[in-house]
Novice: 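Take a look at this one; I'll ask things after.
Small disclaimer: the values here were computed from a predicted structure and weren't measured. Counting convention: from 1, in listed order, for ligands and their atoms alike.
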Amino acid sequence: MSYKPPLRDEIALRPGYHSPQFDVEVALNTNESPFLPPEQWTSELLSALSEVRYNRYPDRKATELRRCIAEYHEVEAEEVFCANGSNEVIEILLLAIGGPSRKALVFEPTYALHSHICRLTSTEVVSGHRDESFRIDPEQARKLNELHDPVVTFICSPNNPTGQLESVDVVTGILGQTEGLVLVDEAYGEFASPVSSALTLRSTKGADYDDSLSRLAVVRTFSKVWSMAAFRLGYLIGSPQLISACERAALPYHLSTPTQTAGIVAMRYRSEMEDRVKQMTQERDRLRAELERLKVQTWPSEANFILFRPGDRSGREVWQKLVDSSVLIRDCSDWPGLEGCLRVTVGTSEENDRFLDALEECL
Ligand SMILES: *Cc1c(COP(=O)(O)O)cnc(C)c1O
């Protein structure tokens, strides 16, 4: 008989979390950027990679990359931790401060990976529920924080897959309700206005942290706005104590030299990134207007995707029809709280037109 791995219960009882990857002409299912990084970034990176001493381990502290990210956010390098994608950042964080007999609070519907990573690390998940407009109810958050005393409260803002931003006041409110860490996942942060980022709460360079600010952490990624999903690079901004905690839990040399280099070089192309973000947000607004014209229900989005419900048609059926037309979007129709909903990533204007035509046809 072949070997059957004795899976831990937390893993055995749950389906894995994977977005289906099909070969389609128009892939609008995982919120990637439709644009390649700038050509100059690619050539500059290739030439930097030809200088790497591949026989040596990478810089374990990712010194230069952290310096660049710190400069971009006007914080100190000691306040930055990097890993292979923001999901890995969160996993390392939970390895450090989560685990058996500790709890994490999430507000559903939200990014499924948050609770998935909690389970992977044996951290118990407490689920709150968003109101009809998919916002966190501060009163409910207070009760749950009081009752469960979580080590981490997750706030996804803009929230995936619903698109709304959580106000800085909500973040401050929750910081006042808990003694644990408040982790704001801003994977789509650059698509929204900078004044709405939880990073605005952080004291300026070098200033002392008061108690509640030292419990605030913000996660960002190169996967979306920086058009670098293939590289796997994400980071956390938090107190130096939190960064050291992450460093203890990370495996030695977890971030390869090519990945560090890619991030360092990307930071030199900030204005190109901002141009692409502007194009994507314009397309997003056009896409939403077109969806409204097709009389499907939509929700406002501050990210690069739109949640919608195709009226009286079954979400699953519409999703399949789109796949048959070689357009792949995300089927959220059987997720709790999102009955009948689908999520489309903003693509290039041609891709968005292909999606809209296929949708119109099947409606
Ligand atoms: C896409 C996404 C991420 C990105 O994860 P990476 O591991 O950095 O690719 C993180 N958080 C949310 C909410 C996302 O939607």
Novice: For ligand 1, would you mind listing the residues that have at least one heavy atom less than 4.0 Å away, ordered by chain and number?
Specialist: Gly85, Ser86, Asn87, Tyr111, Cys156, Asn160, Asp185, Ala187, Tyr188, Thr221, Ser223, Lys224, Arg232

Novice: Using a strict threshold of under 4.0 Å (side-chain N to carboxylate O), is an ion pair present between Glu290 and Arg293?
Specialist: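 A salt bridge is present here (some side-chain N lies under 4.0 Å from a carboxylate O).
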
Novice: Please determine if Arg60 forms a cation-pi arrangement with Tyr253, meaning its NZ or CZ atom is less than 6.0 Å from the six-membered ring centre and no more than 45° off the ring axis.
Specialist: yes

Novice: Should Val184 and Phe222 be counted in the same cluster of Ile, Leu, Val, Met, Phe, Trp and Tyr side chains packed under 4.5 Å apart?
Specialist: yes

Novice: Find out whether the Lys NZ or Arg CZ of Arg130 is both under 6.0 angstrom from the six-membered ring centre of Phe107 and within 45° of the ring's axis.
Specialist: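 Not flagged: Arg130 not positioned over aromatic ring of Phe107.
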
Novice: Regarding Arg330 and Glu32, does a basic nitrogen lie under 4.0 Å from an acidic carboxylate oxygen?
Specialist: no

Novice: Aromatic ring centroids of Phe308 and Trp299 under 6.0 Å?
Specialist: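 No, they do not, as the ring centres are separated by 6.0 Å or more.
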
